[in-house]
Amino acid sequence: MGPLHLGIRLAAVAGAGFLAMRTAAANQQKESLGSVLYKDYLLLMGGRAETQPDVEAGYADSTTTYELPPLASSLFGITTYDGLSDTIIAGHERTHPDYTIFYLHGGGYWSDPALLYYPFFNRIARAFNAHIVMPVYPKAPTHSAPEMHDMVFARYQYLINERGIDPQSIVVMGDSAGGGLALSLLQMLRDRNAPMPRAGLLISPWLDISNSNDEMDAIQPSDPMLNREFLRIQGTYVAGERDTKDPLVSPIYGDLSGLAPITVVSATHDILHADVRRLGTLAKEQELPITVHTFPGLFHCFPCVPIPESDQALGIFLAAVRA
């Protein structure tokens with residue numbers, strides 16, 4: 001056997017051994033192999049964020065006009081919505097959708113949508129038979145919460161007033177920062193006597209940008225993505241002149257009554273799960289239509305990744321919307 005063939009065989013044996021090891025880990029942790037491998041990937045790529053955001057780069061990025069990536073259009077058929085350059089639509093080929101999902105993306109309020117959203121949107125569009133409409137709201141540190149909320153509120157109103165979409169066919173959905181923004185939007189709709197959507201769906205929501213919940217510390221070593229101090233600093237720029245516990249930016253401190261039914265999916269290896277648990281406790285104490293589903297061992301925003309647990313989460317959301 002020559003050196004090349006020996007190298008190939010050794011690589012194959014090593015690869016099979018690695019997969020066997022990770023499969024055993026998945027079985028022990030009661031997770032899918034895909035989940036375990038994705039967490040391996042996150043750690044390989046550098047793990048959780050550092051403790052200090054790059055503010056100078058943040059200012060540069062947040063003054064740049066969003067442009068839809070060519071791959072989003074060519075591979076996933078995503079385009080701008082009604083000629084609005086700051087709003088996109090997925091699933092537009094569905095001529096008779098059951099729902100319009102008004103999606104608010106994550107990224108710490110500092111980042112434009114990541115590429116992973118575009119295949120995710122196609123999955124949602126198929127599962128729900130829906131159009132996905134996503135406003136790309138202004139970003140910190142250049143912009144602060146009031147500008148973000150004004151833009152998101154205006155786009156929601158556009159669906160109803162300009163497109164004539166029945167609010168009861170609209171679902172407000174968001175992940176991470178977008179999940180917090182979605183809950184704030186529901187509170188804003190109630191306070192402004194605007195039509196409520198059919199439901200709210202929150203994925204790993206950032207509910208308190210002050211990050212003052214010390215239960216985060218116990219979760220931090222298991223979180224492969226997020227850093228408590230990093231997010232806390234980002235949150236101060238999002239709040240701007242407001243207190244970081246203002247309900248506009250930290251909706252867990254706001255009035256949670258009188259909202260559309262809300263379903264939350266969260267994971268135990270996510271520091272933001274600490275505040276999701278608080279939300280679940282508040283919902284029980286106040287007998288609110290807020291339901292929390294917890295996935296042990298999973299990571300921040302796992303439903304956005306094509307793993308088996310993601311399909312389970314989407315099934316939970318679909319059942320909630322159809323109820």
Side-chain angles (χ1 to χ4, degrees), residues 26-27 29-42 76 90-91 98-107 113-134 170-183 186 197-207 219 222-226 260-280 283 289-323:
N27 292 336
Q29 294 162 204
K30 298 182 179 180
E31 297 176 46
S32 70
L33 177 61
S35 171
V36 170
L37 291 177
Y38 192 79
K39 285 191 286 188
D40 289 342
Y41 164 77
L42 290 172
F76 305 109
D98 293 326
Y99 308 104
T100 297
I101 297 178
F102 188 66
Y103 197 96
L104 303 175
H105 69 87
L115 288 175
L116 64 82
Y117 283 110
Y118 305 118
F120 178 52
F121 286 167
N122 274 1
R123 290 172 56 216
I124 300 175
R126 288 194 302 269
F128 285 75
N129 184 33
H131 290 167
I132 317 295
V133 175
M134 180 176 71
I170 298 175
V171 175
V172 172
M173 187 175 189
D175 71 277
S176 193
L181 185 56
L183 183 54
L186 295 178
R198 182 180 186 86
L201 308 178
L202 312 183
I203 299 172
S204 304
W206 192 14
L207 301 172
I219 303 172
S222 301
D223 189 326
M225 295 179 66
L226 304 181
I262 295 169
T263 302
V264 187
V265 165
S266 184
T268 58
H269 287 187
D270 176 0
I271 58 172
L272 302 188
H273 183 62
D275 285 319
V276 171
R277 286 197 299 245
R278 284 175 59 201
L279 180 66
I290 300 174
T291 305
V292 174
H293 296 266
T294 300
F295 282 68
L298 271 290
F299 47 88
H300 182 65
C301 289
F302 74 89
C304 301
V305 181
I307 57 176
E309 291 89 346
S310 175
D311 293 334
Q312 295 174 34
L314 289 184
I316 289 170
F317 283 143
L318 185 57
V321 169
R322 289 177 172 172

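Counting begins at 1 with the first residue of the sequence. From a predicted model like this one, the values you see are computed outputs, not experimental measurements.
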Under the side-chain contact (heavy atoms from CB on, under 4.5 Å) rule, what do Phe128 and Val321 come out as? Steps first, then yes or no, please. CA-CA 9 Å; Phe128 285 75; Val321 169; 3.9 Å; yes

side-chain contact (heavy atoms from CB on, under 4.5 Å) evaluation trace for Ile203 with Met173: CA-CA 8 Å; Ile203 299 172; Met173 187 175 189; 3.8 Å; yes

So, taking the atom named CG in Leu104 and the one named CZ in Phe102, what distance separates them when rounded to the nearest 0.5 Å? 5.5 Å

Tell me the salt bridge (Lys or Arg N to Asp or Glu O under 4.0 Å) pairs involving residues 313-323, sequence neighbours left out? none

What residues, two or more places apart in sequence or in another chain, satisfy ring pair (Phe, Tyr, Trp, His ring centres under 6.0 Å) together with Tyr99? none

Can you list everything that forms a ring pair (Phe, Tyr, Trp, His ring centres under 6.0 Å) with His273? Sequence neighbours excluded, please. none

Any pair counted as side-chain hydrogen bond (donor to acceptor under 3.5 Å, both in side chains), so long as it reaches residues 171-183, sequence neighbours left out: Tyr103-Asp175, Tyr117-Asp175, Ser176-His300

Does Thr263 have any side-chain contact (heavy atoms from CB on, under 4.5 Å) partners at least two apart in sequence or in another chain, and if so, which? Leu201, His293, Ile316, Phe317, Ala320

Show every salt bridge (Lys or Arg N to Asp or Glu O under 4.0 Å) that has at least one partner inside residues 114-129, sequence neighbours left out. Arg123-Asp311

Okay, side chain of Asp275, backbone of Arg278: is any donor-acceptor separation there less than 3.5 Å? no

Who are the ring pair (Phe, Tyr, Trp, His ring centres under 6.0 Å) partners of Phe295, not counting sequence neighbours? Phe302

Full working for side-chain contact (heavy atoms from CB on, under 4.5 Å) between Arg198 and Ile170: CA-CA 6 Å; Arg198 182 180 186 86; Ile170 298 175; over 6 Å; no

